[in-house]
Q: 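Take this structure, written in structure tokens, and hold onto it; I'll ask about it next.
Convention: sequence-line order gives letters A, B, ...; per-chain numbering from 1.
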Amino acid sequence: MTHNSPFIVRILQLHCDSIEYTPTKKEIKSAEEDVSTDTTRLEELVVAFVAVEKDDDSSVAQDAISQIKNSMEKIGCKKLLLYPYAHLSSNLASPNLAMSLLKEMESSASELDVSHSPFGWTKSYKVQVKGHPLAESSKVITKETLSSQDEVTSEALKSESKIKSYWYIMSPDGSMTPMSEFNFSNHQKLEILSKYESAKKRSVDEPPPHVALMKKMAIADYESASDQGNMRFFPNGRLIKSLIEQYVTARVKEYGGYEVETPIMYDSHHPSMVSYFNRFPARQYNIDSEGKQLFLRFAACFGQFLMANEFQLSYKNLPYRLYELTRYSFRREQSGELVGLRRLRAFTMPDCHAFCKDLEQSIEEIKTRFDLSRSVLNDLGIEESDYEMAIRFTEDFYNENKKTVEELVKKHGKPVLVEMWKEKFFYFVLKWEFNFIDNLGKASALSTDQIDVENGNRYGIDFVDENNEKKNPIILHNSPSGAIERIIYALLEKAAFDSKQGRKPQLPLWLSPTQVRVIPLKEEFYEYCNSLVEKISTNNIRADIDDRNESIGKRIREAEKEWIRYILVIGEKEANSENLSIRDRQTGDVREISFDDFISEFKEQTKGRPFTGLNMPKNLSQRPQLMV
RNA sequence: GCUUCGAUAGCUCAGCCUGGUAGAGCGUUACCUUGGUAAGGUAAAGGUCGCGGGUUCGGAUCCCGCUCGAAGCUCCA
């Protein structure tokens with residue numbers, strides 16, 4: 001929904017048999033005074049739920065009330081209740097303004113039996129709506145047109161809330177059990193995912209463990225000088241994030257994606273955006289610039305579709321895949337929703353679209369990408385037992401493509417949450433996702449893919465088929481890993497879980513900011529240590545030196561706290577030995593190994609993963625301490 | 001958005017109930033210490049107690065307002 005349009009008054013109008021409302025409590029300071037908390041009951045009336053948005057003026061109020069009067073005449077109703085209802089808008093006018101506007105509307109309808117429910121109060125209400133076709137309507141009164149129009153922009157939101165879903169659990173053998181009848185006793189995480197929406201109050205009063213870890217490990221932190229949900233990444237965090245980004249990008253390119261870069265902001269009034277918004281009720285950041293109303297992208301879709309629109313495509317070119325690692329995508333999530341690295345307002349999202357010539361091709365393609373996503377997650381350190389799969393589709397799609405659905409579920413190998421829609425509400429007919437379940441029982445989506453049957457047409461993307469006819473491609477929307485920040489969140493939550501179980505928390509070796517720490521016993525070994533670190537580093541291993549004037553015990557303890565896998569203490573013995581004495585954090589033991597054997601053991605563990613050099617001074621004595 | 005909680009040294013926090021000279025640990029700096037696999041010692045520096053108002057002889061502490069933050073809820077195509 002675009003908030004740029006100069007909508008002023010939003011009205012949901014209901015023709016009712018009756019309504020009862022009870023003011024319970026003042027919600028805002030400027031609430032109406034002298035309000036009785038008795039229940040009011042009205043019968044045979046029109047209830048207009050009204051929200052006033054900012055930038056209004058009284059001409060709009062006049063227009064709004066005359067619209068209501070018109071339609072009331074049509075249905076032959078003389079009684080009107082104006083019901084202030086802030087929830088119709090996320091861009092409300094100030095309470096004072098809204099209240100005066102409502103009063104104006106009320107006084108302009110004196111020929112009707114008109115009243116209003118108290119403004120600024122929390123109210124409970126009970127409403128009985130009539131069943132005839134004109135009983136329900138919504139209006140948006142704008143300053144620009146000064147006329148009502150059907151509420152186009154909220155269609156998606158409205159249909160979303162009306163969506164009829166049927167919930168099942170599908171087993172790997174393809175059998176479907178209604179969710180309520182499924183025995184979850186061996187599938188606790190799936191149960192968490194399935195019951196997520198209907199879950200009773202969980203009295204979780206601890207913050208998610210990854211929040212403390214991301215600070216303690218000097219990975220990331222909140223930046224209060226920015227907007228909420230916009231993080232800063234310290235050198236450690238940037239290194240980890242960069243490596244994950246590189247890895248995911250390499251895998252997508254290997255699969256056949258072509259990397260592009262597209263703008264992060266778009267004109268809300270560009271023709272292809274307007275209709276997209278109708279189907280896409282996201283909250284986005286808006287920017288006014290030189291009379292243009294721009295919004296920050298919430299995915300790479302626009303950029304890639306607008307680009308694909310320029311391509312001359314033949315069926316021979318398909319499937320064709322465009323890929324972008326969006327740094328950043330922006331979603332203005334509700335402030336109360338933002339938690340650590342789990343849910344952000346600015347995030348890095350690998351987004352790969354595949355343009356396919358027909359449904360068959362898209363089905364082949366979605367299987368390939370399903371495998372890719374599983375493999376990417378696994379290689380990033382997220383195991384199958386860490387996530388649960390959900391798959392959603394329309395009833396029609398399922399009836400015509402049962403085998404495809406069953407095949408995906410079978411690949412997953414565990415029971416899967418199924419949501420089946422009676423009709424198509426979104427632009428896609430099938431969507432699957434992998435959901436990570438964290439220590440607090442929260443589910444968050446990682447990988448996902450969708451079969452989009454609308455946007456090819458909407459964005460005017462076409463190709464010439466075998467019969468020399470123009471067609472719109474079917475588009476798949478895949479993020480093989482989900483947001484990169486969310487991967488870090490998942491890895492930290494896993495580490496916290498290990499810690500809780502009494503195991504040592506750790507990051508995958510290839511992501512560790514320091515992989516080998518060298519500790520000189522005393523100053524006279526500094527030179528030797530330097531050349532040793534040099535020698536290790538030339539093998540693409542991140543090694544550093546703790547040359548601070550601290551005891552051995554303390555320096556080892558701090559290396560442990562930094563989750564550093566290998567520690568080399570260098571004294572007389574080591575300086576004169578061909579072999580290395582290595583303390584392996586996984587065992588806590590010191591063992592002797594030749595330099596070459598160590599290097600190959602190390603390489604074996606980081607095989608196929610990207611490398612980048614140390615992102616901190618090599619000497620710890622030269623590092624600033626991050627206390628966050 | 002709603003509810004609740006919070007804001008005191010660079011960081012984590014105590015002090016507040018019951019008003020009377022601003023505290024600890026970690027970190028930082030200096031010096032001592034030259035160590036053998038998870039915390040060596042001594043000392044110093046470091047704070048308009050988030051902002052504004054009120055009560056009081058006196059406010060970090062009590063009252064009111066504001067700002068910012070966090071968690072939970074709702075939400076999450």
Side-chain angles (χ1 to χ4, degrees), chain A residues 1 25 27-29 86-92 122 156-157 159-161 163 196-197 199-208 211-212 215-216 218 221-225 228 276-284 298-299 301 331-340 342-345 392 419 421 425-428 431 433 435 440 442-445 448 450 452 454 477 504 517 519-526 546 548-562 564 566-574 581-585 587-591 623-628:
Chain A
M1 199 159 48
K25 143 166 182 248
E27 201 162 24
I28 53 173
K29 237 189 316 172
H87 315 289
L88 290 171
S89 168
S90 56
N91 189 26
L92 289 169
T122 306
L157 274 179
S159 31
E160 194 179 335
S161 61
I163 285 177
Y196 201 59
E197 281 147 59
K200 306 144 199 72
K201 266 196 182 126
R202 293 174 298 272
S203 57
V204 180
D205 47 8
E206 44 181 329
V211 175
K215 297 181 185 192
K216 214 185 301 177
D221 193 15
Y222 301 113
E223 173 54 79
S224 53
Q228 286 175 302
Y276 194 75
F277 273 129
N278 299 344
R279 299 289 256 155
F280 215 127
R283 307 152 192 270
Q284 73 279 358
F298 30 94
C301 305
R331 296 182 199 181
R332 221 195 37 178
E333 306 287 6
Q334 295 185 89
S335 60
E337 284 311 300
L338 306 164
V339 193
R342 182 158 79 88
R343 197 167 188 77
L344 297 171
R345 283 184 169 175
R392 303 155 203 268
E419 178 177 12
W421 297 304
F425 288 99
F426 307 110
Y427 52 77
F428 47 84
K431 173 188 182 181
E433 82 232 359
N435 291 278
L440 271 35
K442 294 281 192 181
S444 336
T448 172
Q450 302 164 1
D452 170 358
E454 283 187 7
H477 300 234
K504 285 184 178 178
R517 162 111 352 129
I519 303 180
L521 203 57
K522 35 181 148 175
E523 265 179 55
E524 59 184 282
F525 303 115
Y526 280 11
D546 191 346
R548 295 171 308 161
N549 181 15
E550 300 290 352
S551 68
I552 292 295
K554 179 159 182 179
R555 284 181 284 172
I556 287 175
R557 176 179 154 80
E558 295 200 354
E560 283 276 353
K561 282 169 64 185
E562 287 181 55
I564 294 169
Y566 296 110
I567 300 174
L568 297 173
V569 176
I570 304 297
E572 200 78 42
K573 196 171 65 142
E574 291 78 10
S581 290
I582 292 190
R583 186 185 200 277
D584 187 334
R585 181 165 174 273
T587 60
D589 296 333
V590 181
R591 66 198 154 100
R623 284 184 195 174
Q625 198 80 23
L626 277 182
M627 295 297 293
V628 287

Q: Which part of the nucleic acid, if any, lies within reach of A:L338 when heavy atoms closer than 4.0 Å are counted: base, sugar-phosphate only, or nothing?
A: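 A:L338: backbone/sugar contact only, no base atoms under 4.0 Å.
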Q: Classify A:Q228 by what it touches in the nucleic acid, base, sugar-phosphate, or nothing, heavy-atom distance under 4.0 Å.
A: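 Touches sugar-phosphate only.
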Q: Can you measure A:E550 atom CD to B:G40 atom P for me and round it to whole angstrom units?
A: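 Those two atoms, CD and P, are 7 Å apart.
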Q: Is B:G27 paired to anything, Watson-Crick or G-U wobble with both distances less than 3.5 Å, and if yes, which nucleotide?
A: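 Its partner is none (no Watson-Crick or G-U wobble pair with both distances under 3.5 Å).
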Q: Is the base of B:C76 touched by the side chain of A:R331 through a donor-acceptor pair closer than 3.5 angstrom?
A: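 Checked by distance alone, the answer is no.
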Q: For a quick check of understanding: with a heavy-atom distance under 4.0 Å over all strands, which category does A:G553 fall into, base, sugar-phosphate or nothing?
A: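 The residue A:G553 makes sugar-phosphate contact but no base contact.
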Q: Could you work out, with side-chain hydrogen bond (donor to acceptor under 3.5 Å, both in side chains) as the rule, every residue matching A:R345, not counting sequence neighbours?
A: A:D227
Q: Mind checking if A:I556 touches a base, just sugar-phosphate, or nothing, with heavy atoms under 4.0 Å?
A: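 Base: the residue A:I556, judged by heavy atoms under 4.0 Å, touches a nucleobase.
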Q: May I ask you to say what A:E560 touches in the nucleic acid, namely base, sugar-phosphate or nothing, with a heavy-atom cut-off under 4.0 Å?
A: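 The answer is base, as A:E560 lies within the cut-off (heavy atoms under 4.0 Å) of a base atom.
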Q: How would you summarise protein contacts on nucleotides 4-9 of chain B per nucleotide, using B for base, S for sugar-phosphate only and - for none, with heavy-atom distances below 4.0 Å?
A: ------
Q: Sequence neighbours excluded, which residues qualify as side-chain hydrogen bond (donor to acceptor under 3.5 Å, both in side chains) partners of A:S444?
A: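 Partners of A:S444 by the side-chain hydrogen bond (donor to acceptor under 3.5 Å, both in side chains) criterion, ordered by chain and then number, come out as A:Y489.
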Q: Among B:G36, B:A77, B:A38, which is the nearest nucleotide to the side chain of A:I552?
A: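 For A:I552, the side-chain atoms sit closest to B:G36.
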Q: Any N or O donor-acceptor pair under 3.5 Å from the base of B:U33 to the side chain of A:N549?
A: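 Under the 3.5 Å cut-off, the side chain and the base do form a donor-acceptor pair.
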Q: Could you go through the side chain to side chain contact (heavy atoms under 4.5 Å, CB included) check for A:Y222 and A:K215 one step at a time?
A: CA-CA 9 Å; A:Y222 301 113; A:K215 297 181 185 192; 4.0 Å; yes
Q: What is the separation between atom NZ on A:K504 and atom P on B:A38, rounded to the nearest whole Å?
A: 9 Å
